[in-house]
Amino acid sequence: LDPTTLAITGETHTDLKNFGMAIDDKGHYFYTTNSLDGGVSKVDTQTGKIVERLFFKGKDKDGDPIGAREILFHNNQLYIGRVTDPGYISIVDAQTMTLKGKIENVGKWVTGIIYSPSTQRIYAASGSGEIAVINPANNKIEHRWKPDDGQKYLFLNMAEDPTTGRLFVTDNSEGKTTLVFDEHSGKVIKRLPGDALGIKFNAKRHEVYISQRESKKVIQLDATS
């Protein structure tokens, strides 16, 4: 899409169902997970053509491919959250599209996954209401953050305010809220009630935007308060 007019400038037909997306640092290729098929496709941004594809081995308890959900491009590697219990992250070489390894026991259903330039850590959300803090230098889980209120959560997506060290985490199912974690302590410092799905942080306006499925709207909040 043209970002100004929203006019369609091109289309890519992957012939598989798509879910998460990431793009390389130079904008030459984007990557999309083929969730129900347990794979990931590499697409040339200039031509819109699929140049390579990787399917992961392994089936779930029903015999279906283990879902490949959200995807993160970092340091020429793809970190792909896998939807199973216990969930894990597949690590793929973005250039050769070969599997390099995996991070195990991340939580039940790995959902959202982002990289923090301020802490230089990867955050992976899970359906077990937990944030796994991963060091990409060795791909080890260093911390596991969970709310200490005893309630049940199913985390989905995340956004970061790097200036203040806050991590916003949505829950559209169990808690129906957005939790705000302090990245320095791993503690929840605030809760924003309401069903929450997608989330983006606007550093220039110090605002956070949260999409709500049930109310069919996007709410805009002052992130300074």
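Bear in mind the structure is a predicted one, so any value in this text is a computation, not a measurement.
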For [X] and [Y], which heavy atoms make the closest approach, and how far apart are they?
X: G38; Y: P65; value: N-CB, 3.8 Å
X: F201; Y: A203; value: CE2-CA, 3.5 Å
X: I80; Y: A68; value: CG2-CB, 3.8 Å
X: G186; Y: F181; value: O-CD2, 3.5 Å
X: S41; Y: N34; value: OG-OD1, 2.8 Å
X: P193; Y: R191; value: CD-O, 3.5 Å

N/O donor-acceptor pairs under 3.5 Å from side chains in residues 105-114, not counting sequence neighbours:
residue	atom	partner	partner atom	Å
T111	OG1	A125	O	3.1
T111	OG1	F155	O	2.9
T111	OG1	L156	O	3.3

V188 vs D149, test: side-chain contact (heavy atoms from CB on, under 4.5 Å). Steps then yes/no. CA-CA 9 Å; V188 175; D149 56 8; over 6 Å; no
Check whether any side-chain heavy atom of [X] lies under 4.5 Å from a side-chain heavy atom of [Y], and answer yes or no.
X: L1; Y: I8; result: yes
X: L167; Y: W145; result: yes
X: I103; Y: I141; result: yes
X: V208; Y: N202; result: no
X: Y31; Y: V92; result: no

What pairs of residues pass the salt bridge (Lys or Arg N to Asp or Glu O under 4.0 Å) test when at least one of them lies in [range], not counting sequence neighbours?
range: residues 20-32; answer: none
range: residues 194-208; answer: R205-E207
range: residues 82-92; answer: none
range: residues 1-22; answer: D15-R53

So, [X] side chain and [Y] main chain: donor-acceptor pair closer than 3.5 Å or not?
X: K42; Y: Q95; result: yes
X: D37; Y: G39; result: no
X: T45; Y: H28; result: yes

Would you give the length of the straight line joining atom [atom1] of [X] to atom [atom2] of [Y], rounded to the nearest 0.5 angstrom?
X: M158; Y: I131; atom1: CE; atom2: CD1; answer: 5.0 Å
X: L16; Y: I50; atom1: CG; atom2: CD1; answer: 7.0 Å
X: I66; Y: F56; atom1: CD1; atom2: CZ; answer: 10.5 Å
X: L78; Y: I91; atom1: CG; atom2: CD1; answer: 10.5 Å
X: D171; Y: N157; atom1: CG; atom2: CG; answer: 11.0 Å
X: H13; Y: K49; atom1: NE2; atom2: NZ; answer: 8.5 Å

Check the hydrophobic clustering (I, L, V, M, F, W, Y; side-chain heavy atoms under 4.5 Å; chains of links allowed) and say if [X] and [Y] are grouped together.
X: M97; Y: V51; result: yes
X: V43; Y: L54; result: no
X: V40; Y: Y29; result: yes
X: V169; Y: I189; result: no

Got a sec, which residues hit side-chain hydrogen bond (donor to acceptor under 3.5 Å, both in side chains) with T47, two or more places apart in sequence or on another chain? none
Under the rule for side-chain contact (heavy atoms from CB on, under 4.5 Å), what residues qualify as partners of [X], not counting sequence neighbours?
X: T178; result: F168, T170, L192, A196, I199, I210
X: Q46; result: D44
X: D64; result: D60, D62
X: T98; result: D93, T96

So S35 and T33, side-chain hydrogen bond (donor to acceptor under 3.5 Å, both in side chains) or not? Walk me through it. CA-CA 5 Å; S35 184; T33 55; 5.8 Å; no
side-chain contact (heavy atoms from CB on, under 4.5 Å) assessment of K190 paired with R166: CA-CA 10 Å; K190 194 163 187 176; R166 292 177 298 169; over 6 Å; no
Using a 3.5 Å cut-off and no angle test, enumerate the donor-acceptor pairs between side-chain atoms of residues 69-77 and protein atoms at least two apart in sequence or in another chain.
residue	atom	partner	partner atom	Å
Q77	OE1	K100	NZ	2.8
Q77	NE2	Y79	OH	3.2

Filter on side chain to side chain donor-acceptor pair (under 3.5 Å), then keep only pairs touching residues 114-125, sequence neighbours left out; what's left? S116-S118, S116-T119, S116-E160, S118-E160, T119-Y123, R121-E142, Y123-E183
